[in-house]
Protein chains: 2
Amino acid sequence: MKSKGSITQLHTSLNYKGLRVTPQRVSILNAIHSLGNHPTAEMIKSFVHQKNPAISTATVYKTLETFVQKGILRKIRTLDEEAARYDAILTDHHHLHSSQDHRMVDYENEELDNLLREFFHDHRIPDFKIESIRLEIHGTFENHQ
Amino acid sequence: MKSKGSITQLHTSLNYKGLRVTPQRVSILNAIHSLGNHPTAEMIKSFVHQKNPAISTATVYKTLETFVQKGILRKIRTLDEEAARYDAILTDHHHLHSSQDHRMVDYENEELDNLLREFFHDHRIPDFKIESIRLEIHGTFENHQ
DNA sequence: ATTTAGATGAGAATGGTTCTTATATAACAA
DNA sequence: TTGTTATATAAGAACCATTCTCATCTAAAT
(Lines give C-alpha, C1' and ligand atoms only; values in the text may rest on other atoms or scores of the structure.)
Protein backbone atom coordinates (compact mmCIF):
# COMPACT_ATOMS: atom_id res chain seq x y z
CA MET A 1 0.00 0.00 0.00
CA LYS A 2 2.91 2.25 0.67
CA SER A 3 4.26 1.57 -2.80
CA LYS A 4 0.87 2.13 -4.40
CA GLY A 5 0.72 5.42 -2.58
CA SER A 6 4.14 6.57 -3.66
CA ILE A 7 3.56 5.57 -7.27
CA THR A 8 0.47 7.71 -7.26
CA GLN A 9 2.57 10.46 -5.75
CA LEU A 10 5.10 10.14 -8.55
CA HIS A 11 2.32 10.34 -11.12
CA THR A 12 0.96 13.38 -9.45
CA SER A 13 4.30 15.11 -9.25
CA LEU A 14 5.05 14.40 -12.90
CA ASN A 15 1.59 15.46 -14.03
CA TYR A 16 1.81 18.54 -11.91
CA LYS A 17 4.92 19.59 -13.79
CA GLY A 18 3.26 18.97 -17.14
CA LEU A 19 5.34 15.88 -17.83
CA ARG A 20 4.04 12.65 -19.31
CA VAL A 21 4.15 9.74 -16.93
CA THR A 22 6.38 7.16 -18.60
CA PRO A 23 7.82 4.00 -17.07
CA GLN A 24 11.29 5.40 -17.67
CA ARG A 25 10.60 8.56 -15.72
CA VAL A 26 8.94 6.76 -12.86
CA SER A 27 11.84 4.35 -12.73
CA ILE A 28 14.42 7.15 -12.68
CA LEU A 29 12.58 9.05 -9.96
CA ASN A 30 12.41 5.87 -7.92
CA ALA A 31 16.12 5.30 -8.38
CA ILE A 32 17.00 8.74 -7.11
CA HIS A 33 14.89 8.35 -4.04
CA SER A 34 16.18 4.85 -3.37
CA LEU A 35 19.81 5.80 -3.89
CA GLY A 36 19.52 8.75 -1.59
CA ASN A 37 22.84 10.45 -1.31
CA HIS A 38 23.52 12.53 -4.43
CA PRO A 39 23.88 9.82 -7.06
CA THR A 40 25.62 10.41 -10.37
CA ALA A 41 23.86 9.75 -13.68
CA GLU A 42 25.87 6.55 -13.94
CA MET A 43 24.65 5.31 -10.55
CA ILE A 44 21.10 6.09 -11.50
CA LYS A 45 21.52 4.28 -14.79
CA SER A 46 22.89 1.17 -13.07
CA PHE A 47 20.09 1.13 -10.56
CA VAL A 48 17.45 1.55 -13.20
CA HIS A 49 19.04 -1.15 -15.34
CA GLN A 50 18.64 -3.77 -12.63
CA LYS A 51 14.92 -3.82 -13.28
CA ASN A 52 14.79 -2.44 -16.78
CA PRO A 53 17.97 -2.87 -18.79
CA ALA A 54 16.34 -1.44 -21.89
CA ILE A 55 16.36 2.15 -20.72
CA SER A 56 18.98 3.92 -22.76
CA THR A 57 21.72 6.19 -21.56
CA ALA A 58 20.30 9.06 -23.55
CA THR A 59 16.99 8.67 -21.79
CA VAL A 60 18.59 8.73 -18.39
CA TYR A 61 20.52 11.90 -19.15
CA LYS A 62 17.64 13.59 -20.92
CA THR A 63 15.23 12.72 -18.16
CA LEU A 64 17.58 14.04 -15.50
CA GLU A 65 17.99 17.24 -17.47
CA THR A 66 14.21 17.55 -17.80
CA PHE A 67 13.76 17.05 -14.07
CA VAL A 68 16.34 19.72 -13.36
CA GLN A 69 14.56 22.11 -15.74
CA LYS A 70 11.26 21.44 -14.04
CA GLY A 71 12.71 21.88 -10.60
CA ILE A 72 12.20 18.27 -9.55
CA LEU A 73 15.92 17.77 -9.07
CA ARG A 74 18.99 19.85 -8.56
CA LYS A 75 22.27 19.24 -10.31
CA ILE A 76 25.40 19.68 -8.26
CA ARG A 77 29.07 19.35 -8.89
CA THR A 78 31.82 18.46 -6.52
CA LEU A 79 35.27 19.95 -6.63
CA ASP A 80 37.25 16.98 -7.65
CA GLU A 81 34.87 14.82 -9.58
CA GLU A 82 34.10 14.91 -13.25
CA ALA A 83 30.57 13.59 -13.02
CA ALA A 84 27.61 15.68 -11.92
CA ARG A 85 25.41 14.56 -9.08
CA TYR A 86 21.70 14.87 -8.61
CA ASP A 87 20.02 15.99 -5.44
CA ALA A 88 16.35 15.35 -4.74
CA ILE A 89 16.24 17.74 -1.83
CA LEU A 90 15.04 21.01 -3.17
CA THR A 91 14.96 23.16 -0.10
CA ASP A 92 18.12 25.23 -0.03
CA HIS A 93 20.80 23.43 1.87
CA HIS A 94 24.53 23.07 2.18
CA HIS A 95 27.00 20.25 1.78
CA LEU A 96 29.82 18.69 3.69
CA HIS A 97 32.57 17.53 1.37
CA SER A 98 34.97 14.91 2.53
CA SER A 99 38.55 15.61 1.51
CA GLN A 100 39.38 11.94 2.10
CA ASP A 101 36.95 10.17 -0.16
CA HIS A 102 34.38 11.82 -2.39
CA ARG A 103 31.57 11.68 0.08
CA MET A 104 29.11 14.51 0.22
CA VAL A 105 26.58 14.92 2.99
CA ASP A 106 23.70 17.31 3.36
CA TYR A 107 23.89 20.04 5.92
CA GLU A 108 20.91 22.16 6.87
CA ASN A 109 20.77 24.80 9.54
CA GLU A 110 18.13 27.44 9.66
CA GLU A 111 20.04 29.54 12.15
CA LEU A 112 22.98 29.67 9.76
CA ASP A 113 20.71 30.70 6.91
CA ASN A 114 19.25 33.49 8.98
CA LEU A 115 22.71 34.64 9.96
CA LEU A 116 23.72 34.78 6.29
CA ARG A 117 20.53 36.56 5.30
CA GLU A 118 21.17 39.18 7.95
CA PHE A 119 24.80 39.54 7.03
CA PHE A 120 24.08 40.18 3.37
CA HIS A 121 21.19 42.43 4.23
CA ASP A 122 23.67 44.61 6.07
CA HIS A 123 26.48 44.13 3.55
CA ARG A 124 24.91 44.45 0.14
CA ILE A 125 27.17 43.45 -2.72
CA PRO A 126 27.29 46.32 -5.21
CA ASP A 127 25.44 45.60 -8.47
CA PHE A 128 24.56 42.07 -7.44
CA LYS A 129 21.24 40.61 -6.44
CA ILE A 130 21.57 37.44 -4.39
CA GLU A 131 19.23 34.57 -5.21
CA SER A 132 20.67 31.81 -3.12
CA ILE A 133 23.72 30.94 -1.11
CA ARG A 134 25.28 27.55 -0.74
CA LEU A 135 28.10 26.55 1.53
CA GLU A 136 30.70 24.03 0.53
CA ILE A 137 32.06 22.86 3.82
CA HIS A 138 35.27 20.95 3.25
CA GLY A 139 36.81 18.78 5.86
CA THR A 140 37.23 15.27 7.14
CA PHE A 141 34.82 12.82 8.66
CA GLU A 142 35.91 11.35 11.95
CA ASN A 143 34.42 7.91 11.59
CA HIS A 144 34.28 5.84 14.70
CA GLN A 145 31.57 3.85 12.98
CA MET B 1 62.41 45.52 -15.28
CA LYS B 2 59.01 44.63 -13.96
CA SER B 3 58.90 41.62 -16.25
CA LYS B 4 62.41 40.59 -15.26
CA GLY B 5 61.38 40.80 -11.65
CA SER B 6 58.25 38.74 -12.11
CA ILE B 7 60.09 36.09 -14.08
CA THR B 8 62.51 35.77 -11.21
CA GLN B 9 59.55 35.52 -8.90
CA LEU B 10 58.10 32.72 -11.01
CA HIS B 11 61.40 30.89 -10.90
CA THR B 12 61.51 31.27 -7.17
CA SER B 13 57.98 30.09 -6.67
CA LEU B 14 58.52 27.05 -8.88
CA ASN B 15 61.84 26.21 -7.26
CA TYR B 16 60.37 26.67 -3.86
CA LYS B 17 57.82 23.99 -4.65
CA GLY B 18 60.49 21.65 -5.91
CA LEU B 19 59.42 22.02 -9.53
CA ARG B 20 61.74 22.39 -12.49
CA VAL B 21 61.54 25.74 -14.17
CA THR B 22 60.53 25.01 -17.74
CA PRO B 23 59.40 27.50 -20.40
CA GLN B 24 56.03 25.72 -20.51
CA ARG B 25 55.44 26.14 -16.81
CA VAL B 26 56.50 29.76 -16.79
CA SER B 27 54.26 30.41 -19.76
CA ILE B 28 51.27 28.75 -18.12
CA LEU B 29 51.76 30.61 -14.87
CA ASN B 30 51.98 33.85 -16.83
CA ALA B 31 48.77 33.01 -18.69
CA ILE B 32 46.85 32.45 -15.49
CA HIS B 33 47.98 35.71 -14.03
CA SER B 34 47.30 37.60 -17.24
CA LEU B 35 43.88 36.06 -17.77
CA GLY B 36 42.84 36.82 -14.23
CA ASN B 37 39.31 35.70 -13.76
CA HIS B 38 39.18 31.93 -13.30
CA PRO B 39 40.22 30.74 -16.74
CA THR B 40 39.46 27.24 -18.00
CA ALA B 41 42.23 24.96 -19.23
CA GLU B 42 41.12 25.76 -22.77
CA MET B 43 41.50 29.51 -22.20
CA ILE B 44 44.93 28.99 -20.74
CA LYS B 45 45.91 26.83 -23.68
CA SER B 46 44.76 29.47 -26.17
CA PHE B 47 46.62 32.22 -24.39
CA VAL B 48 49.79 30.21 -24.18
CA HIS B 49 49.52 29.22 -27.83
CA GLN B 50 49.60 32.83 -28.97
CA LYS B 51 53.27 32.97 -28.08
CA ASN B 52 54.16 29.33 -28.14
CA PRO B 53 51.89 27.16 -30.29
CA ALA B 54 54.06 24.13 -29.68
CA ILE B 55 52.93 23.56 -26.12
CA SER B 56 50.73 20.50 -26.15
CA THR B 57 47.34 20.03 -24.59
CA ALA B 58 48.65 17.28 -22.36
CA THR B 59 51.31 19.60 -21.00
CA VAL B 60 48.76 22.26 -20.18
CA TYR B 61 46.55 19.82 -18.30
CA LYS B 62 49.42 18.06 -16.56
CA THR B 63 51.00 21.32 -15.55
CA LEU B 64 47.73 22.64 -14.15
CA GLU B 65 47.28 19.42 -12.23
CA THR B 66 50.82 19.70 -10.88
CA PHE B 67 50.22 23.27 -9.79
CA VAL B 68 47.04 22.25 -8.01
CA GLN B 69 48.90 19.44 -6.24
CA LYS B 70 51.62 21.85 -5.17
CA GLY B 71 49.14 24.43 -3.96
CA ILE B 72 50.06 27.03 -6.55
CA LEU B 73 46.56 26.97 -8.02
CA ARG B 74 43.12 25.95 -6.96
CA LYS B 75 40.72 24.04 -9.18
CA ILE B 76 37.11 25.07 -9.05
CA ARG B 77 33.95 23.99 -10.76
CA THR B 78 30.85 25.93 -11.49
CA LEU B 79 27.37 24.51 -11.30
CA ASP B 80 26.43 24.55 -14.90
CA GLU B 81 29.70 24.27 -16.74
CA GLU B 82 31.49 21.15 -17.80
CA ALA B 83 34.99 22.60 -17.73
CA ALA B 84 36.98 23.18 -14.58
CA ARG B 85 38.42 26.59 -13.82
CA TYR B 86 41.66 27.56 -12.19
CA ASP B 87 42.06 30.18 -9.53
CA ALA B 88 45.38 31.75 -8.68
CA ILE B 89 44.12 33.34 -5.51
CA LEU B 90 44.93 30.97 -2.74
CA THR B 91 43.64 32.83 0.25
CA ASP B 92 40.24 31.39 1.08
CA HIS B 93 37.55 33.31 -0.66
CA HIS B 94 34.07 33.03 -2.04
CA HIS B 95 32.46 33.40 -5.44
CA LEU B 96 29.54 35.22 -6.96
CA HIS B 97 27.94 33.12 -9.67
CA SER B 98 25.86 34.82 -12.30
CA SER B 99 22.72 32.92 -13.19
CA GLN B 100 22.50 34.89 -16.43
CA ASP B 101 25.82 34.14 -18.05
CA HIS B 102 28.55 31.97 -16.61
CA ARG B 103 30.44 34.75 -14.97
CA MET B 104 32.13 34.12 -11.67
CA VAL B 105 33.53 36.88 -9.53
CA ASP B 106 35.63 36.72 -6.39
CA TYR B 107 34.13 37.76 -3.12
CA GLU B 108 36.18 38.25 -0.01
CA ASN B 109 34.97 39.48 3.33
CA GLU B 110 36.87 38.95 6.49
CA GLU B 111 33.93 39.85 8.66
CA LEU B 112 31.89 37.12 7.00
CA ASP B 113 34.66 34.61 7.55
CA ASN B 114 34.83 35.51 11.23
CA LEU B 115 31.09 35.18 11.50
CA LEU B 116 31.25 31.69 9.98
CA ARG B 117 34.16 30.68 12.15
CA GLU B 118 32.24 31.74 15.24
CA PHE B 119 29.08 30.05 14.09
CA PHE B 120 30.75 26.70 13.53
CA HIS B 121 32.74 27.04 16.71
CA ASP B 122 29.44 27.21 18.55
CA HIS B 123 27.69 24.64 16.34
CA ARG B 124 30.13 21.82 15.85
CA ILE B 125 29.11 19.29 13.23
CA PRO B 126 29.21 15.83 14.80
CA ASP B 127 32.09 13.67 13.54
CA PHE B 128 33.27 16.29 11.08
CA LYS B 129 36.35 18.46 11.20
CA ILE B 130 36.02 21.57 9.06
CA GLU B 131 39.01 22.56 6.96
CA SER B 132 37.56 25.33 4.87
CA ILE B 133 34.27 26.86 3.88
CA ARG B 134 33.39 28.37 0.57
CA LEU B 135 30.26 30.23 -0.34
CA GLU B 136 28.65 29.92 -3.72
CA ILE B 137 26.59 33.07 -3.95
CA HIS B 138 24.17 32.75 -6.83
CA GLY B 139 22.36 35.70 -8.26
CA THR B 140 22.28 38.28 -11.01
CA PHE B 141 24.57 41.15 -11.85
CA GLU B 142 22.86 44.47 -12.28
CA ASN B 143 25.03 45.90 -14.98
CA HIS B 144 24.73 49.55 -15.65
CA GLN B 145 28.13 49.25 -17.27
C1' DA C 1 -9.94 3.86 -31.54
C1' DT C 2 -7.36 7.81 -33.51
C1' DT C 3 -4.28 11.32 -33.40
C1' DT C 4 -0.16 13.66 -32.34
C1' DA C 5 2.98 16.10 -29.43
C1' DG C 6 6.23 14.53 -26.92
C1' DA C 7 9.35 10.63 -25.29
C1' DT C 8 12.52 6.95 -26.21
C1' DG C 9 16.45 3.91 -28.05
C1' DA C 10 20.65 3.06 -30.39
C1' DG C 11 24.59 4.53 -31.50
C1' DA C 12 27.41 8.18 -33.33
C1' DA C 13 29.47 12.52 -31.99
C1' DT C 14 31.42 15.82 -28.84
C1' DG C 15 34.04 18.08 -25.22
C1' DG C 16 36.99 17.88 -21.55
C1' DT C 17 40.56 15.44 -19.74
C1' DT C 18 43.98 11.66 -19.10
C1' DC C 19 47.11 8.12 -20.80
C1' DT C 20 51.08 6.27 -23.41
C1' DT C 21 55.45 6.32 -24.96
C1' DA C 22 59.30 8.00 -27.30
C1' DT C 23 62.06 12.07 -27.03
C1' DA C 24 63.98 16.13 -24.89
C1' DT C 25 65.85 18.92 -21.14
C1' DA C 26 66.62 21.20 -16.36
C1' DA C 27 69.50 20.84 -12.81
C1' DC C 28 72.76 18.44 -10.28
C1' DA C 29 77.40 16.41 -9.99
C1' DA C 30 81.96 15.84 -11.60
C1' DT D 1 81.85 22.74 -18.94
C1' DT D 2 80.14 18.47 -19.80
C1' DG D 3 77.79 14.21 -18.54
C1' DT D 4 74.13 12.06 -16.13
C1' DT D 5 69.63 11.27 -14.84
C1' DA D 6 65.28 12.13 -13.05
C1' DT D 7 61.73 14.66 -14.71
C1' DA D 8 59.04 17.05 -18.24
C1' DT D 9 57.14 17.37 -22.83
C1' DA D 10 54.78 16.36 -27.50
C1' DA D 11 51.60 14.02 -30.20
C1' DG D 12 47.99 11.64 -30.61
C1' DA D 13 45.25 7.82 -29.03
C1' DA D 14 42.08 6.65 -25.45
C1' DC D 15 38.65 7.62 -22.07
C1' DC D 16 34.64 9.18 -19.72
C1' DA D 17 30.66 11.92 -19.11
C1' DT D 18 27.40 13.89 -21.71
C1' DT D 19 24.74 15.40 -25.84
C1' DC D 20 22.98 14.81 -30.43
C1' DT D 21 20.46 12.66 -34.31
C1' DC D 22 16.76 10.69 -36.00
C1' DA D 23 13.78 6.90 -36.74
C1' DT D 24 10.34 4.71 -33.92
C1' DC D 25 7.12 4.53 -30.28
C1' DT D 26 3.56 5.87 -26.87
C1' DA D 27 0.87 8.67 -23.28
C1' DA D 28 -2.93 10.93 -23.09
C1' DA D 29 -6.18 14.09 -25.19
C1' DT D 30 -10.04 13.61 -28.43
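What's counted below: heavy atoms across the whole structure, side chains too, no hydrogens, waters or symmetry copies.
As a whole-Å value, the separation of B:Glu82 CD from D:dC20 P is 11 Å. Straight-line distance from the CD1 atom of B:Ile76 to the C1' atom of C:dG16: 17 Å, rounded to whole Å. Atom CD of A:Glu42 and atom P of D:dT19 are 13 Å apart (whole Å). B:Leu14 has its CG atom 10 Å from the P atom of D:dT9, to the nearest Å. A straight line from CZ of B:Phe67 to P of C:dT17 spans 17 Å, rounded to a whole angstrom. A:Ile55 places its CD1 atom 16 Å from the P atom of C:dG11, with the value rounded to the nearest Å. When the C1' atom of D:dG12 is taken as reference, atom NZ of B:Lys45 falls 12 Å away, rounded to whole Å. Per the geometry, CE belonging to B:Met43 stands 14 Å off C1' belonging to C:dG15, to the nearest Å.
With respect to A:Lys62 and A:Glu65, no salt bridge is recorded, no charged nitrogen being found less than 4.0 Å from a carboxylate O. Remark: B:Glu136 does not engage B:Arg77 in a salt bridge, criterion side-chain N to carboxylate O under 4.0 Å.
Side-chain atoms of A:Arg77 lie closest to D:dT18 of the nucleotides C:dA10, C:dT17, D:dT18. The A:Arg25 side chain lies nearest to C:dT8 when the options are C:dT8, C:dG9, C:dT17. Out of D:dT18, C:dT8, C:dT17, the shortest distance to the side chain of A:Gln24 is found at C:dT8. In this structure, of D:dC22, D:dA17, D:dT9, it is D:dC22 that holds the atom nearest to the side chain of A:Lys62. Distances from the side chain of A:Ala58 to the nucleotides C:dT8, C:dG11, C:dT17 place C:dG11 closest.
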Base contacts versus sugar-phosphate-only contacts with protein, heavy atoms under 4.0 Å: please encode nucleotides 22-30 of chain C as B, S and - from 5' to 3'. ---BBS---

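In this structure, B:Tyr61 does not reach the C:dT18 phosphate: none of its side-chain N or O atoms is under 4.0 Å from OP1 or OP2. Close to C:dG9, at under 4.0 Å from its OP1 or OP2, lies a side-chain N or O of A:Thr59.
At a threshold of 4.5 Å between non-hydrogen side-chain atoms, the residues B:Lys75 and B:Tyr86 count as touching. Inter-residue side-chain proximity for B:Leu14 and B:Thr22 is flagged as unmet; no heavy-atom pair is nearer than 4.5 Å.
Within a 6.0 Å sphere centred on CD of A:Glu110, heavy atoms belonging to other residues, nucleotides or ligands number 12 at most.
Residue contacts shown for A:Thr63 are limited to sugar-phosphate atoms, with no base heavy atom under 4.0 Å away.
Counted by atom type alone, B:Gln24 and B:Thr63 present zero donor-acceptor pairs between their side chains at under 3.5 Å.
Here the options are B:Val105, B:Leu135, B:Ile137, B:Ile76, the test is side-chain contact (heavy atoms from CB on, under 4.5 Å), and the partner is B:His95; only B:Ile76 passes.
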